[in-house]
Student: 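Structure provided below as structure tokens; questions to follow.
Letters A, B, ... mirror the listed sequences (proteins, then strands); counts begin at 1.
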Amino acid sequence: MRWSKTFIHTLRQDPADAEVVSHKLMMRAGLISKVAAGIYNSLPLGWRSIDKMSDIIREEMETAGAAELVMPAIQPAEFWEESGRWAQYGPELLRLKDRHDREFCFGPTHEEIITDIVRRSIKSYKQLPVALYQIQTKFRDEIRPRFGLMRGREFLMKDAYSFHADAEDLDRTYRAMEKAYCRIFERCGLGYTPVEADTGNIGGSESHEFMVLADTGEDAIMACPSCGYGANVEKAQTGSISPAPPWPLAEGDAPSEVRTPEMRSVEEVAEFLGVDPAHLIKTMIFESDEEFVAVLIRGDLEINEVKLKNHLDCTHLQLASEAKIEQITGGAQGFSGPVGLEGVRIIADPTVMDLKQAATGANTLDTHLVGVVPGRDFKPETVVDVRTASAGDPCPSCSEPMIEKRGIEVGHIFKLGSKYSEKMRCTFLDAEGKENPMIMGCYGLGVGRTVAAAIEQNHDDKGIIWPLPLAPYEVVLVMLNSDKPEVVEAAEGLYTQLKEAGFDVLFDDRPERPGVKFNDMDLIGFPVRIVAGARGLAEGNIELSLRSGGEKTLVPISDMVETVRKTLDEIRAQLPQ
RNA sequence: CGGGGCGUAGCUCAGUCUGGUAGAGCGCACGGUUCGGGACCGUGAGGCCGGAGGUUCAAGUCCUCUCGCCCCGACCA
């Protein structure tokens, strides 16, 4: 392709509305442009990278035994009503009506449709398993889209679904998908880590996320350097947390009230009372779908809302407002406690119940209770792990301290079980002639997000440094001094040769000044650069260099095709095939 | 939805506090000089100052309402 014939428009400055580096660079390099919040054009250059990403995904999906299909973006509400998600899904689901007033949605995911497809055709265990995938545009009306392709509302996703006669068979496909995902990210040259994950509102039993490691990642990951355990903080377990230090105050038969004016934070209260923050019972009032709950955690720890949400099995969960807290506890925010608290369920983290003596809010303004004994002075309805893991906590499998990393969730695989197949009666007859719901898995991968993550991980202050497999063009041929006929002749000739040799090459044939061309070349980040200019050609040479670094080499024009081939082979040799 | 910020030329921004007839740099067009790391000189085109109301002799600037965009939180590929 010739630069003059395609559509590449780079920006000199960072766009005002871009914050993270991948977003800035994708805009500046002319890969994407914005249409509305979270909605982007994929421009020719950007689309080439996305297309290459898609092809890698296709190859690995086929290897994993999945067949490609495409389902509609617009889906009738009836399927969603069948699965129960029409009511469950919040405003994130874009709902629309056709001219006959029939209800539809723009698909945020395709469990319902795929389940319908499979239930129509598959009737016997002999026809299982089935695995299907598509690469298709999704729409999720995210509360807050951000960071360009990192979290768009409209985005390209690969979603695969598998159907099985039993859990063991699902496990085989799940492992095959896990492996396919690893290969996809490895082939792109990305640093990633699979982690245990929460299933969110997709549902199911087991789930892993694939995280591309990047400081700008939106997700926190707890990882164990010694045994390799890794989990999203939302999901992360910990080994046993060290107990609170010995209680430094006198022990009584009942809690006693202490005035603590204006002291709302754990630190303030602990210091004032002369106890450790770990001696405090932090009491948080949450509002879920239909009720309020009081959640207790040790003062030095944090509540994990995802764990709590899963325990409560609710779709919405938020901290109660100040007014509600006063109404429920009878005291002001910051002075809540479990002693004498009635009318709400009390849920306690095990670390709270381990306390021998504790201090907590008295449900009265400016007052705390000390000498509180869990089990004696209050009894929670349930004791369950609702703690957020943090760096330094012991690993749940080997007890070594864990570290925290940040990552971009580029893939997420789930064991769905029979959640959808039961509701939608997607069943098969087993060898005994008995009807069973199929066991399902689903496997998502953000295509554009992975490309954005690749940039996040591969750039310098001049621009993108594409991993070869995702580069919009593997090779750029830059023609300098286009006013000199001998240069034009040589560059045109070389371009023809490179094309005929089958290389993925872009020919920068613009009559721009050298500085402009060099800067664009660095910004876009083509892996292999060939520069043809009067200076080198005077000696019969053309320059070759790599975006990733290293020296420029002078290559006789007649050897260039062979040199490019060798260079590309060397780069490819570094990547898994 | 809660909190914060921003909408002025194609892009990045000044001008808004203190009201007085619209600015810069880049880009674009034309002419000239340049030509291996975003050149220089000259000339020029380009604006309903996001939109609607209001206050005022006068509004980009003050007030009210709206729409859009960005950032922090809850959601997620």
Student: Using the C1' atom as the point on both nucleotides, what is the distance between B/rG53 and B/rC70, in whole Å?
Tutor: 27 Å

Student: Any strand counts, and the cut-off is 3.5 Å on both contacts for Watson-Crick or G-U wobble. Which nucleotide pairs with B/rG23?
Tutor: B/rC13

Student: How many whole angstroms separate atom CD1 of A/Ile143 from atom P of B/rC69?
Tutor: 16 Å

Student: Distance check needed: B/rA74 P versus A/Met284 CE, whole Å only.
Tutor: 12 Å

Student: Between B/rG27 and B/rU21, how far apart are the two C1' atoms, rounded to whole Å?
Tutor: 28 Å

Student: Could you identify the nucleotide paired to B/rU56, looking across every strand shown and requiring Watson-Crick or G-U wobble geometry with both distances under 3.5 Å?
Tutor: none

Student: Would you call A/Arg529 and A/Asp522 a salt bridge, using N to O less than 4.0 angstrom?
Tutor: yes

Student: Using 4.0 Å as the upper bound for N to carboxylate O, is an ion pair formed by A/Glu154 and A/Lys138?
Tutor: no

Student: Using the C1' atom as the reference point in each nucleotide, state the distance between B/rA29 and B/rU18 in Å, no decimals.
Tutor: 40 Å

Student: Can you tell me if CG on A/Asp483 sees more than 12 non-hydrogen neighbours from other groups inside 6.0 Å?
Tutor: yes

Student: For A/Lys34, answer base if it contacts any base atom (sugar-phosphate contacts may also be present), sugar-phosphate if it contacts only those atoms, and nothing otherwise; contact means non-hydrogen atoms under 4.0 Å.
Tutor: sugar-phosphate

Student: Report yes if some heavy atom in the side chain of A/Val21 is under 4.5 Å from a heavy atom in the side chain of A/Thr216; otherwise report no.
Tutor: no

Student: If you measure from the Lys or Arg side-chain nitrogens to the Asp or Glu carboxylate oxygens, is any gap between A/Glu492 and A/Arg2 under 4.0 Å?
Tutor: yes

Student: Salt-bridged, A/Asp300 to A/Lys282, with N to O below 4.0 Å?
Tutor: no

Student: May I ask you to test the A/Asp385-A/Asp349 pair for a side-chain heavy-atom distance under 4.5 Å?
Tutor: yes

Student: Partner lookup for B/rU18, please. Criteria are Watson-Crick or G-U wobble with both distances under 3.5 angstrom; report none if nothing qualifies.
Tutor: none

Student: What's A/Pro15 touching, base or sugar-phosphate or nothing? Going by heavy atoms closer than 4.0 Å.
Tutor: sugar-phosphate

Student: Does B/rG68 pair with anything, Watson-Crick or G-U wobble, both distances under 3.5 Å, and if so, with which nucleotide?
Tutor: B/rC6

Student: Less than 4.0 angstrom between a side-chain N/O of A/Lys462 and OP1 or OP2 of B/rG38, yes or no?
Tutor: no

Student: Mind checking salt bridge (Lys or Arg N to Asp or Glu O under 4.0 Å) for A/Glu60 and listing every partner two or more places apart, or none if nothing turns up?
Tutor: A/Arg183, A/Arg187

Student: Salt bridge or not for A/Arg387 and A/Glu302, using N-O below 4.0 Å?
Tutor: no

Student: I'd like to know if A/Arg151 and A/Glu142 make a salt bridge, using a cut-off of under 4.0 Å between side-chain N and carboxylate O.
Tutor: yes

Student: Of the listed nucleotides (B/rG37, B/rC71, B/rG38), which one gets closest to any side-chain atom of A/Asp522?
Tutor: B/rG37

Student: Between B/rC11 and B/rU56, how many Å separate the two C1' atoms, rounded to a whole number?
Tutor: 36 Å

Student: Who pairs with A/Glu512 by side chain to side chain contact (heavy atoms under 4.5 Å, CB included), at least two apart in sequence or on another chain?
Tutor: A/Arg510, A/Val516, A/Lys517

Student: Heavy atoms only, 4.0 Å cut-off, all strands: where does A/Val410 land among base, sugar-phosphate and nothing?
Tutor: sugar-phosphate

Student: Closer to the 5' end of RNA chain B via nearest nucleotide, is it A/Leu445 or A/Gly38?
Tutor: A/Gly38

Student: Quick check: on RNA chain B, is the nucleotide nearest A/Val447 upstream (toward 5') of the one nearest A/Gly148, or the reverse? Name the residue that is more 5'.
Tutor: A/Gly148

Student: Whole Å only: how far is the OH atom of A/Tyr443 from the P atom of B/rA77?
Tutor: 15 Å

Student: Report yes if a side-chain nitrogen or oxygen of A/Arg146 is closer than 4.0 Å to either non-bridging phosphate oxygen (OP1 or OP2) of B/rC72; otherwise report no.
Tutor: yes

Student: Short of 4.0 Å, heavy atom to strand atom, which residues of residues 151-163 of chain A count as contacting RNA chain B?
Tutor: A/Arg151, A/Gly152, A/Phe155, A/Met157

Student: Partner of B/rG42 by Watson-Crick or G-U wobble geometry, both contacts under 3.5 Å, or none?
Tutor: B/rC30

Student: Without decimals, in angstroms, what is the distance between A/Arg449 CZ and B/rC75 C1'?
Tutor: 11 Å

Student: With distance as the sole test, does A/Arg95 use its side chain to make a donor-acceptor pair with the main-chain N or O of A/Trp86 at under 3.5 Å?
Tutor: yes

Student: Can you check the distance between B/rG2 and B/rA77, where both ends of the measurement are the C1' atom (answer in whole Å)?
Tutor: 26 Å

Student: Contact class for A/Asp17 vs. all strands (heavy atom < 4.0 Å): base, sugar-phosphate, or nothing?
Tutor: sugar-phosphate

Student: Does A/Asp219 pair with A/Arg406 as a salt bridge, N-O distance under 4.0 Å?
Tutor: no

Student: Between A/Arg58 and A/Asp55, is there a salt bridge with N-O shorter than 4.0 Å?
Tutor: yes

Student: Who does B/rG73 pair with, Watson-Crick or G-U, both distances under 3.5 Å?
Tutor: B/rC1

Student: Considering only atom C1', compute the distance from B/rG15 to B/rG3 and round it to an integer number of Å.
Tutor: 29 Å

Student: How close or far is atom P of B/rC76 from atom CZ of A/Phe139, stated in whole angstroms?
Tutor: 16 Å

Student: Over how many whole Å does the gap from A/Asp219 atom CG to B/rC76 atom P extend?
Tutor: 10 Å

Student: In terms of side-chain heavy atoms of A/Ala37, which of B/rC69, B/rU12, B/rC71 is nearest?
Tutor: B/rC69

Student: So does A/Arg146 pair up with A/Glu19, basic N to acidic O under 4.0 Å?
Tutor: no

Student: When rounded to the nearest Å, what value does the distance between C1' atoms of B/rC49 and B/rC6 take?
Tutor: 14 Å

Student: Can a side chain N or O of A/Arg144 be found less than 4.0 Å away from OP1 or OP2 on B/rC72?
Tutor: yes

Student: Rounded to whole Å, how long is the line connecting atom NE2 of A/His208 with atom C1' of B/rA77?
Tutor: 17 Å

Student: Partner lookup for B/rG47, please. Criteria are Watson-Crick or G-U wobble with both distances under 3.5 angstrom; report none if nothing qualifies.
Tutor: none

Student: When you compare the protein's N or O atoms with those of nucleotides 42-47 of chain B, which come within less than 3.5 Å of each other, and at what distance?
Tutor:
none

Student: Distances under 3.5 Å between protein N/O atoms and the N/O atoms of nucleotides 23-27 of chain B, please, pair by pair.
Tutor:
unit_1	atom_1	unit_2	atom_2	d
B/rG27	OP1	A/Arg12	NH2	3.2

Student: Heavy-atom count check: over 12 atoms from other residues, nucleotides or ligands less than 6.0 Å from A/Glu68 CD?
Tutor: yes

Student: If we ignore hydrogens and angles and just use 3.5 Å, is the side chain of A/Thr283 paired with the main-chain N or O of A/Leu296 as donor and acceptor?
Tutor: no

Student: Rounded to the nearest 0.5 Å, what separates atom CE in A/Met71 from atom CD in A/Glu112?
Tutor: 10.5 Å

Student: What's A/Phe147 touching, base or sugar-phosphate or nothing? Going by heavy atoms closer than 4.0 Å.
Tutor: sugar-phosphate

Student: Under 3.5 Å, which protein N or O atoms sit close to an N or O of nucleotides 30-36 of chain B? Give each pair with its distance.
Tutor:
unit_1	atom_1	unit_2	atom_2	d
B/rU34	O2	A/Arg513	NH1	2.7
B/rG36	O2'	A/Arg535	NH1	2.8
B/rG36	O6	A/Gly536	N	3.3
B/rG36	N1	A/Glu543	OE2	2.7
B/rG36	N2	A/Glu543	OE1	2.5
B/rG36	N2	A/Glu543	OE2	2.6

Student: To the side chain of A/Arg28, which of B/rG38, B/rC76, B/rC70 is closest?
Tutor: B/rG38

Student: For nucleotides B/rG44 and B/rG4, find the distance between their P atoms and express it as a whole number of Å.
Tutor: 47 Å

